[in-house]
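Heads up: the structure comes next, in structure tokens.
For ligands, and for the atoms within them, numbers begin at 1 and follow the listed sequence.
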Amino acid sequence: MAQRIQGTEDLYGGYMRAWQHMQDVARELFGAYGFDMIETPAIEQVDTFVHGIGESTDVVRKEMFRVVSGALFQNLLEAGNEDGLKAKQRMAMRPEGTAGVVRAVVEHNLVPQGAAPAKLWYASPMFRGERPQKGRLRQFHQVGVEWLGAPDAAADAECIIMLMEFYKRLGFEAKDLRLSINSMGDAACRPAYREKVRAFILDHADEMCEDCLERAEINPLRAFDCKNEHCHEVMAAAPLANDNLCDDCAAHYAQVKRYLDEAGVAYVEDPTLVRGLDYYTRTVFEIEAVGAGVGAIGGGGRYDGLVELEGGKPTPGIGFAVGFERIALALAAQGASLEGDEPSCVYVACAGSEQRDAVFSATLALRQANIRTEADYQGRSLKSQFKQADKLGARLCVVFGSDEVEAGVATLRDMETHEQVQVPIADLATEVAARLA
Ligand code: AMP
């Protein structure tokens, strides 16, 4: 039997409704903040991610699913390396949404000089070649936003406020969420800070893991993220970003916090919070569902240098991404659910095959009126049609008997109260709609 790839999931039934519900909530809330939806391709040139995410990140180095066309694949096998491939032939499945959206913003010049910021949101599958485990998939789904062209601290605060409201509308209680924030500095202060952390790691080289020693050279701040307990303890004494901000970054960070305070959003400052991707500047944030044991359920931050890395004019940006599967797990751990009820329907039944044509016409009319309508397609008895209607959660049944069809009427049966009335066939859709309302 064919099986799905490990670390991928089929979305159907309640789980699919949950994903759609998450998108509906996003559309309404993000719409109120002025965001429009964008869908970029699931495959991009590798360079888009290398520039946008950073050569030194695990995502780019180890986790990207690379794509080659069938014809090139054979060449690649024969050559033994990808040196002969042109840039446009080197493709990857997107591991995250920001790089592709920023590429699209640059390509279509969506933030021309002097224009209002571009505010975009997406709901898309992402692909990472990770070792699958609970809450860690190879294909997962994110809802995310990117806000390009807004340097003001109010944009950082509004992003976070909107995100926390998003969780609330998805069913989380504020007390079950922990929002951590930090400022990572900018091009003025980060290089010196980075150097301090590098020097710190090298000073403690004999106490740290191989990976961290490598990080010291390519991206020392990532050592704060090391999963090795001992490295974690050592890094507790490392210089903190907070103490190394330039005046502009410090003022920006203070303003973000003032806005969050004013909006009543609770947060903890975590000076060791560094997000995994290279492009972040200034504000970074991450959200965890306390006690759910699924890791971060969302995160984001400011990326003022990214548009330039993707070949555009200097344009500040900020955004976040939220993982659907982890949200579903975290809500389940807290006894809540995104699923919602199965949609109810109307079932059109008939006493015998002589009335099947009447069923056909009635289902057409009801569906034309946007009423979810089901009928029997297997020649079942009336009794088993009722059973089927119950299973489908039908609230109403329309029943055709022989006398009724001749009289131009149908019986309308309320499946809960068992109350029955006869209605003219011509009025069926209006009557049913009124009763469902
Ligand atoms: P990141 O881009 O790594 O910050 O991811 C943003 C959010 O996506 C995380 O907070 C998770 O909720 C979710 N996420 C990231 N990686 C995975 C994965 N491999 N499987 C499922 N969800 C993920």
| Can you find a non-hydrogen atom of E325 under 4.0 Å from ligand 1? |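 It does not; every heavy atom stays at 4.0 Å or beyond.
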State, to 0.1 Å, how close [X] and [Y] come at their nearest heavy-atom pair, and which atoms those are.
X: D152; Y: H252; answer: C-NE2, 3.9 Å
X: L221; Y: R194; answer: CD2-CA, 4.3 Å
X: A389; Y: M415; answer: CB-CE, 3.9 Å

For [X], counting its heavy atoms only, list the atoms of ligand 1 lying under 4.0 Å from any of them.
X: G323; value: 7 (C), 8 (O), 12 (O), 13 (C)
X: Q142; value: 2 (O), 5 (O), 6 (C), 7 (C), 8 (O)
X: I297; value: 10 (O), 12 (O)
X: R136; value: 18 (C), 19 (N), 20 (N)
X: A296; value: 9 (C), 10 (O), 11 (C), 12 (O)

| query | Quick check, are the ring centers of F166 and F30 under 6.0 angstrom apart? | reply | yes
| Between Y15 and F324, does the ring centroid distance fall short of 6.0 Å? |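 Yes; F324 has its ring centre under 6.0 Å from that of Y15.
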| Does CD1 belonging to I5 count more than 12 external heavy atoms closer than 6.0 Å? | no
| field | Mode of E286 contact toward ligand 1 - side chain, backbone, both, neither (heavy atoms, under 4.0 Å) | value | neither
| message | E339 vs H21, test: side-chain hydrogen bond (donor to acceptor under 3.5 Å, both in side chains). Steps then yes/no. | response | CA-CA 7 Å; E339 279 186 23; H21 175 65; over 6 Å; no
Nitrogen or oxygen of [X] less than 3.5 angstrom from that of ligand 1:
X: V322; value: no
X: L137; value: yes
X: G298; value: yes

| request: Just go through R128, E96, Q139, H141 and tell me whose heavy atom is the nearest to atom 1 (P) of ligand 1. | output: R128
| F35: which of W121, Y122, W147 passes ring pair (Phe, Tyr, Trp, His ring centres under 6.0 Å) |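 Of the listed options, the one satisfying the test is W147.
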